[in-house]
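As the structure is a computational prediction, the values presented were derived from the model and not from experiment. Protein chains get the first letters and strands the later ones, always in sequence-line order, with residue 1 at the start of each.
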Protein chains: 2
Amino acid sequence: MSPDPVADESAGSASASGESPASGPRRRRVASSTLKRASALGSGRPATIYDVARAAGVSHQTVTRYLNGFEGIRPETRARVKDALRALDYRPNLNARSLNSGRSRRIGALIQEIDQYGPSKVLQGATAAAREAGYVLDVVAQDVSRRTSIMAALDLLSEHDLAGILALSSTDEMTRAFESSRFGVPVVICTEPDDVTSGHPSELTTRGFPGLVRHLADLGHRRFLHIAGPTAWSSARNRARAYEAAVARHGLRSVATLPGDWTARSGFDAVMGVPGELGATAVVAANDQMALGAMLALTRRGLSVPGDVSVTGVDDIPDAAFFSPPLTTLRADFAAQGRAAVAALLAQIDGGESEVDRTWHSELVVRESTGEAP
Amino acid sequence: MSPDPVADESAGSASASGESPASGPRRRRVASSTLKRASALGSGRPATIYDVARAAGVSHQTVTRYLNGFEGIRPETRARVKDALRALDYRPNLNARSLNSGRSRRIGALIQEIDQYGPSKVLQGATAAAREAGYVLDVVAQDVSRRTSIMAALDLLSEHDLAGILALSSTDEMTRAFESSRFGVPVVICTEPDDVTSGHPSELTTRGFPGLVRHLADLGHRRFLHIAGPTAWSSARNRARAYEAAVARHGLRSVATLPGDWTARSGFDAVMGVPGELGATAVVAANDQMALGAMLALTRRGLSVPGDVSVTGVDDIPDAAFFSPPLTTLRADFAAQGRAAVAALLAQIDGGESEVDRTWHSELVVRESTGEAP
DNA sequence: CACCTAAATGTTGCCGACAACATAAGGGGC
DNA sequence: GCCCCTTATGTTGTCGGCAACATTTAGGTG
């Protein structure tokens with residue numbers, strides 16, 4: 001009835017049982033007919049080193065040597081191989097290579113809440129970094145709605161012989177799954193720098209939240225409200241800790257820390273759920289979405305932003321600059337997090353050196369959602 | 001200086017040159033020492049069918065037969081194999097399998113603007129569908145900032161012997177790259193159902209936009225403004241066409257179609273850039289982000305939403321319900337698009353039948369950004 | 001009980017790449 | 001000119017799984 005949602009264009013004569021439509025032990029060829037394969041451009045299956053060798057009139061090992069940059073090949077031979085490679089459009093089969101070498105060029109990536117801005121940006125950074133190193137990411141997204149367990153995802157990944165595994169979300173669930181499983185490959189859990197994991201105060205604790213709170217304090221705010229992320233996320237816990245420490249350091253008062261789940265709805269519900277007077281003139285949300293929901297709720301409660309209450313977020317998602325009013329927030333660089341995680345993993349894979357110390361910067365972006373305290 | 005952003009926990013004794021630290025033709029074992037490998041749980045490399053066969057006292061082929069569900073195995077033998085499989089925690093090496101069979105369980109996925117809600121949701125749906133079928137997605141994200149060409153990404157993917165390739169964004173650039181390349185595997189371009197590709201009016205043209213425009217017309221609006229997505233995107237073109245057709249059908253007037261790029265900023269700029277009076281009482285944006293930017297711009301121009309101007313979006317991103325004011329929009333189901341694309345690809349891979357006709361529904365969600373025309 | 005067939009299991013070879021070993025040309029030294 | 005030794009290149013075997021073919025064992029039948 002409805003139009004096919006997918007515009008497909010099958011390419012090449014490849015698949016779907018080549019010539020003999022009847023029987024079909026797949027492409028199992030008959031004895032020596034193997035030599036009849038792809039000779040010209042674009043025909044049939046991709047060329048192998050054997051095809052190239054035959055075309056160049058050398059042995060397959062000479063081709064391998066050429067590909068591996070071996071010096072001792074006569075210029076004349078070298079030229080023949082080179083020509084054959086290009087003529088047949090040779091692409092190495094990484095599958096076969098890793099079967100032999102035991103090392104693949106693939107990284108498994110587990111990710112949760114991929115539809116959120118943060119995680120998807122982390123993924124973007126990770127794929128970019130991986131690609132630059134000649135790797136691809138095998139991505140498995142945890143669907144929130146169907147919690148089939150991370151273990152099942154890991155099982156799926158474990159068969160694909162990967163060079164390493166990346167956890168792109170740092171939740172307790174994820175951490176637990178990674179602890180209980182044993183992989184034969186390096187593993188990295190990507191997370192915001194946080195106080196507990198690193199053992200010393202993170203940038204968010206030393207500069208990010210202090211700067212944010214000072215900004216609000218300078219505007220005359222004295223009583224604060226925090227809307228936290230889900231406690232299962234290490235970044236949520238860290239942000240809450242950083243917030244509380246910053247408020248305490250300035251000798252100010254935190255009225256409450258309300259639980260949220262990163263969504264705008266939870267920010268909205270949190271504020272709507274406060275009984276009686278709000279009791280605070282500044283709402284510090286752990287991310288921009290919750291700040292968005294909080295602003296709407298404040299409006300609903302008859303409070304104006306920033307007239308009566310100032311609101312801040314964390315992340316600086318692209319939309320934040322266009323909220324009504326535009327949101328004051330702490331900018332985070334998620335793509336860099338993803339890149340760093342991949343770099344750390346590659347370091348483990350290749351060398352064993354884990355030298356990847358990255359400088360983290362959260363930057364306070366002041367917009368119109370914060371103003372003088374009433 | 002700053003704490004290491006990545007909490008890593010290397011697992012297993014695997015990597016890093018096992019025993020002999022000196023020389024090292026990798027794990028190339030010495031003659032028959034191959035038999036000395038992993039015997040107990042958790043030791044060394046993953047078990048192969050040969051390990052299992054030895055443990056069960058049968059030939060490797062019997063193990064294969066068991067794994068493939070072959071009936072003719074004596075119950076007693078069957079039990080021994082089963083026990084050995086579990087004892088060694090056997091996992092098939094899909095790499096080796098696909099080297100032999102020529103078919104892998106991996107799908108290449110190319111995606112652009114993954115940090116946008118739509119594409120990331122499509123990816124979520126796609127990975128979920130792939131996972132259910134026992135596949136994983138090899139994701140390569142096109143980074144907008146570094147347009148290193150899709151071709152390079154395809155080259156990278158082409159070496160990883162994939163069962164098929166998915167384009168999760170439908171842009172001209174992507175389409176062109178797919179047309180000029182020849183793959184030996186099925187290819188599917190995931191796109192919104194649109195008029196041109198499908199050859200007949202899409203749901204968006206027959207119901208989505210007509211419903212939206214009628215809603216606005218019923219509120220008394222007569223003059224409309226469209227903020228379109230980037231013309232390189234087929235969905236942007238289709239939405240613009242659907243909008244114009246709907247306005248025309250109701251005998252109303254479209255003042256202009258302004259170009260945007262999906263971002264809130266572009267929506268903001270589009271509205272700010274209109275010289276003189278706005279000339280319209282309803283702004284129909286091609287997505288929610290641009291609608292968000294448009295609303296802020298209208299406020300900046302001294303117009304109230306929805307008092308003076310009504311604004312609508314498309315997509316119904318989770319945040320849309322919490323914009324100020326909450327946004328009237330056409331809901332789209334991106335995850336379903338991703339699932340459908342995978343289903344179509346799998347159909348091509350497995351059967352050749354492309355029976356995947358999915359019912360597309362855009363649903364009008366009325367919120368507070370639309371109201372009576374002034 | 002010999003004999004034949006079907007069922008159950010074992011053996012060999014291949015996918016594509018690479019590594020170790022093996023061999024065929026070239027260039028001195030005497 | 002003989003021998004050795006360095007190049008340049010060819011041959012064999014391996015990774016883990018599967019398919020074709022080979023072989024053994026069990027189950028009937030005359």
Let me know the distance between [atom1] of [X] and [atom2] of [N], rounded to the nearest Å.
{"X": "A/L99", "N": "C/dA19", "atom1": "CG", "atom2": "C1'", "answer": "14 Å"}
{"X": "A/R80", "N": "D/dT9", "atom1": "CZ", "atom2": "C1'", "answer": "11 Å"}
{"X": "A/I49", "N": "C/dC18", "atom1": "CD1", "atom2": "P", "answer": "6 Å"}
{"X": "B/N100", "N": "C/dA17", "atom1": "CG", "atom2": "C1'", "answer": "15 Å"}
{"X": "B/L88", "N": "D/dG16", "atom1": "CG", "atom2": "P", "answer": "13 Å"}
{"X": "A/N68", "N": "C/dG16", "atom1": "CG", "atom2": "C1'", "answer": "14 Å"}
{"X": "A/R105", "N": "C/dG16", "atom1": "CZ", "atom2": "P", "answer": "21 Å"}

Do any N or O atoms of the protein come closer than 3.5 Å to N or O atoms of nucleotides 6-12 of chain C, and which pairs are they?
residue, atom, partner, partner atom, Å
C/dT9, OP1, B/R74, NE, 3.3
C/dT9, OP1, B/R74, NH2, 3.4
C/dT9, OP1, B/T77, OG1, 2.3
C/dT9, OP2, B/R74, N, 3.1
C/dG10, OP2, B/S59, N, 2.7
C/dG10, OP2, B/S59, OG, 3.1
C/dG10, OP2, B/T62, OG1, 2.8
C/dG10, N7, B/R65, NH2, 2.9
C/dT12, O4, B/H60, NE2, 3.3

- Atom pair CD/CG of B/E132 and A/L156 - distance to nearest 0.5 Å: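 Between B/E132 CD and A/L156 CG, I get 11.5 Å after rounding to 0.5 Å.
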
- Classify the nucleic acid contact of A/Y66 as base, sugar-phosphate or nothing, counting any heavy atom under 4.0 Å across all strands shown.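 Touches nothing.
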
Taking [X] first and then [Y], would you say they form a salt bridge - that is, a charged N and a carboxylate O separated by under 4.0 Å?
{"X": "B/D155", "Y": "A/R91", "value": "yes"}
{"X": "B/R54", "Y": "B/D51", "value": "yes"}
{"X": "B/D89", "Y": "B/R86", "value": "no"}
{"X": "B/R105", "Y": "A/E159", "value": "no"}

- Query: Which residues, if any, of residues 157-164 of chain A bring a heavy atom under 4.0 Å of DNA chain C?
  - Reply: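 Listed by number, there are none.
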
- Has the side chain of B/S170 got a donor or acceptor atom that lies under 3.5 Å from a matching backbone atom of B/T191?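 Absent.
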
- Item | Min side-chain heavy-atom separation B/Q112-B/P119 under 4.5 Å |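 With C-beta onward as the side chain, the pair stays apart.
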
- Query: Taking side chain as C-beta onward, heavy atoms only, is A/L154 less than 4.5 Å from A/L110?
  - Reply: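 SC-SC contact between A/L154 and A/L110 confirmed.
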
- Query: Is the distance from OP1 or OP2 of C/dC18 to the nearest side-chain N or O of A/T64 less than 4.0 Å?
  - Reply: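 Yes, because at least one side-chain N or O of A/T64 sits under 4.0 Å from OP1 or OP2 of C/dC18.
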
- Message: If you compare every side-chain N and O of A/R97 against the phosphate oxygens of C/dC18 (OP1, OP2), does one of them come in below 4.0 Å?
- Response: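 Yes, A/R97 has a side-chain N/O under 4.0 Å of OP1/OP2 on C/dC18.
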
